[in-house]
Amino acid sequence: MTYAKAAGKAGGAQGLMKSKNSKPEEIRKSNIQAAKALSDAVRTSLGPRGMDKMIQDAKNEVTITNDGATILNQMNVVHPAAKMLVELSKAQDIEAGDGTTSVVVMAGSLLDAADKLLIKGIHPTTISESFQKAAVKSVEILTSMATPLDLTDRESLLKAANTSLCSKVVSQNSAELSPIAVDAVLKIIDPARENNVNLKDIKIIKKIGGTVDDTELVDGLVFEQKAANINGPKKCEKAKIGFIQFCVSPPKTDMDNQVVVSDYSAMDRVLREERAYILNIVKQIKKAGCNVLLIQKSILRDALSDLATHFFDKMKIMVVKDIEREDVDFLCKTLGCRPIASLDHFTSENLVSAEMVEEIQTGASKCVKITGMATPGKTCSIIIRGSNKLMLEEADRSLHDALCVIRCLVKKRFLIAGGGAPETEVSRELMLHANTLTGADAYCFKAFAEALEIIPYTLAENAGLNPIGTVTELRNRHAQGRRLQGSMSGREPSPTSWMRMSSSPSSSAPAPSPSPARPSGPS
């Protein structure tokens, strides 16, 4: 009887400990499942044959894209663990610009591998430390298989930009957009000295009308707004440009004051004073020799009154108003000027010269273009065109990704094969390394290696190939020493070229038409 009671107490204690431990296990499982669900949602959009997603927001506006960061940003994710993947995608978008879908898919696969290791009874800390070691080893393997790149090799840069664009909605326009991305980045840096690119030095203007083929790179400055003149000049050669931060309009009283006009004579006097005040400003601007005036946007009152516009038209001075505050730095850097804060400082020394300032037609709207600056800065502008808003937004996102790819190549001047080749090679090398390890590390390294194969598996699956057969054949070819073999290429490329889709001997299914495969991550 005593023994039975003791056994009962021991059983009760064990049940209590089990209930205490089950809570963390359930939370971990819930977190992993939420992250895997999000990863599976974007997996189908990976690669050149990935599907586009149509997303409708709360305002009933539709977005069509296969950019991972945009898809996740539009989704209303509630679970905290899934939100971590959204933040991961945003971080990748800021740091590398491309590969936003790949990092989420890979993170989901690694969490799945961690879940299997947890079921085997390996402690979470041990798994985390082993995965960190495996990541360091992976970087060593990737560096050993990368090919050095010279920024003077324009052909390789174009191929890299093409690879980024080929999986986008605007893939058919990659031949026009790739040179624009390459030329824009190379214009704003000195390849010999600089190892970073500030993409804020490239201003992108979006204009509806025309097609994506009409997108152009402007060696100068482009304003989204048209000239403020009504009957004044719309084109000015040998321009003298002034940029002011004060208003050319009648002054206003403070917020809590008011002016009461009791009779017509007082009203006439107010109008005369306003006219004289504005005329004085316009005459001083003309006296300095300015024939193109740029005016910063004002919050408290109109930056330019109708009367001032009339005087500027008579004086043959071209005016562009409502320049946003965030554009001031770019404008000053491009023109080589400085903003003039008061009329007293508006002198000929503070003006800058340009060959041509003209108002151009872009689709249904107009914009002002300045070219041929006397002291040009290392900046440029891109006018993106599109037949509708959806196409325009997607072209903007795609071009941003292409610019980021070139920026990555400026930062770290190496090329690496795409199409799942690096993941397969890293997986194979980690498997071999895991055989030399003992204990839990060996299990974790093998799980990490298997998780990386999700990229070639997904690329093959999205292309309509047999994923298991393709990945198995790919492993076999890498074991034979063909390190640059991609999951959907039938031959090994030269070290400086990128994977191209062609008929694969590893699959009985007919291959898609030739098209550059998207790299699975940042170069």
When rounded to the nearest 0.5 Å, the distance separating CG of Asn196 from NZ of Lys411 is 5.0 Å

Tell me if a side-chain donor or acceptor on Ser109 pairs with a main-chain N or O of Val105 at a distance below 3.5 Å. no

*Can you find a heavy atom in the side chain of Arg407 that is under 4.5 Å from one in the side chain of Val185?*
no

Within a strict 4.5 Å, meaning less than it, do heavy atoms of the Asn66 and Lys168 side chains meet? yes

*asked:* Regarding Ser130 and Asp441, do their side chains bring together a donor and an acceptor under 3.5 Å, going by distance alone?
replied: yes

Original post:
Is there side-chain contact between Leu403 and Ile204, with heavy atoms separated by less than 4.5 Å?
Top reply: yes

Check: Asp214 side chain, Thr211 main-chain N or O, donor-acceptor pair, under 3.5 Å = yes

Are the side chains of Cys367 and Ile205 in touch, meaning some heavy atoms are under 4.5 Å apart? no

*Is the shortest heavy-atom distance from the side chain of Ile202 to the side chain of Ile382 under 4.5 Å?*
yes

Test item: Phe445 and His433 side chains (from C-beta on) under 4.5 Å apart, heavy atoms:
yes

| query | Passes salt bridge (charged side-chain N to carboxylate O under 4.0 Å, His left out), Glu25 versus Arg28? Steps please. | reply | CA-CA 5 Å; Glu25 285 174 16; Arg28 272 197 294 268; 5.3 Å; no

Can a donor-acceptor pair be found, under 3.5 Å and without considering hydrogens, that links the side chain of Arg428 to the backbone of Glu425? no

Check: If you measure from the Lys or Arg side-chain nitrogens to the Asp or Glu carboxylate oxygens, is any gap between Asp150 and Arg413 under 4.0 Å?
Finding: no

_Quick one, Lys187 and Asp219 - any side-chain contact, counting heavy atoms below 4.5 Å?_
yes

**Prompt:** So, Asp67 and Thr65: side-chain donor and acceptor under 3.5 Å apart, yes or no?
**Reply:** no

Q. Would you say Asp322's side chain and Lys297's backbone share a donor-acceptor pair under 3.5 angstrom?
A. no

Is there a side chain to side chain donor-acceptor pair (under 3.5 Å) between Ser164 and Asp98 once you walk through the steps? CA-CA 7 Å; Ser164 172; Asp98 202 8; 3.1 Å; yes

| said: As a quick check of understanding, evaluate side chain to side chain donor-acceptor pair (under 3.5 Å) for Asn162 and Ser178, giving each step before the final call. | reply: CA-CA 6 Å; Asn162 258 323; Ser178 298; 3.1 Å; yes

Tell me if a side-chain donor or acceptor on Lys366 pairs with a main-chain N or O of Ala227 at a distance below 3.5 Å. no

Next item on the list: Establish, from distance only, whether the side-chain atoms of Arg43 and Thr458 form a donor-acceptor pair under 3.5 Å.
Entry: yes

Between the side chain of Thr470 and the main-chain N/O of Asn466, is any donor-acceptor distance below 3.5 Å? yes

* side chain to side chain donor-acceptor pair (under 3.5 Å) between Thr334 and Thr379, intermediate numbers included -> CA-CA 6 Å; Thr334 306; Thr379 62; 2.8 Å; yes

Next on the checklist: Treating Asn388 as the side-chain partner and Met391 as the backbone partner, does any N or O pair qualify as donor plus acceptor under 3.5 Å?
Outcome noted: yes

- prompt: Does Lys29 reach the side chain of Asp115, with side-chain heavy atoms less than 4.5 Å apart?
  reply: yes

| query | Counting only N and O atoms by type, is there a donor-acceptor contact under 3.5 Å from the side chain of Thr215 to the main-chain atoms of Ile384? | reply | no

- Message: Can you classify the ring geometry of Phe448 versus Phe131 as parallel (below 30°), tilted (30 to 60°) or perpendicular (above 60°)?
- Response: perpendicular

Could you verify whether a donor N or O on one side chain and an acceptor N or O on the other, from Ser89 and Thr100, lie under 3.5 Å apart? no

**Asked** Between the main-chain N or O of Gly209 and the side-chain N or O of Arg385, is there a donor-acceptor pair closer than 3.5 Å?
**Response** yes

- Measure from the side-chain N and O atoms of Gln225 to the backbone N and O of Lys321, and report whether any donor-acceptor pair falls under 3.5 Å. yes

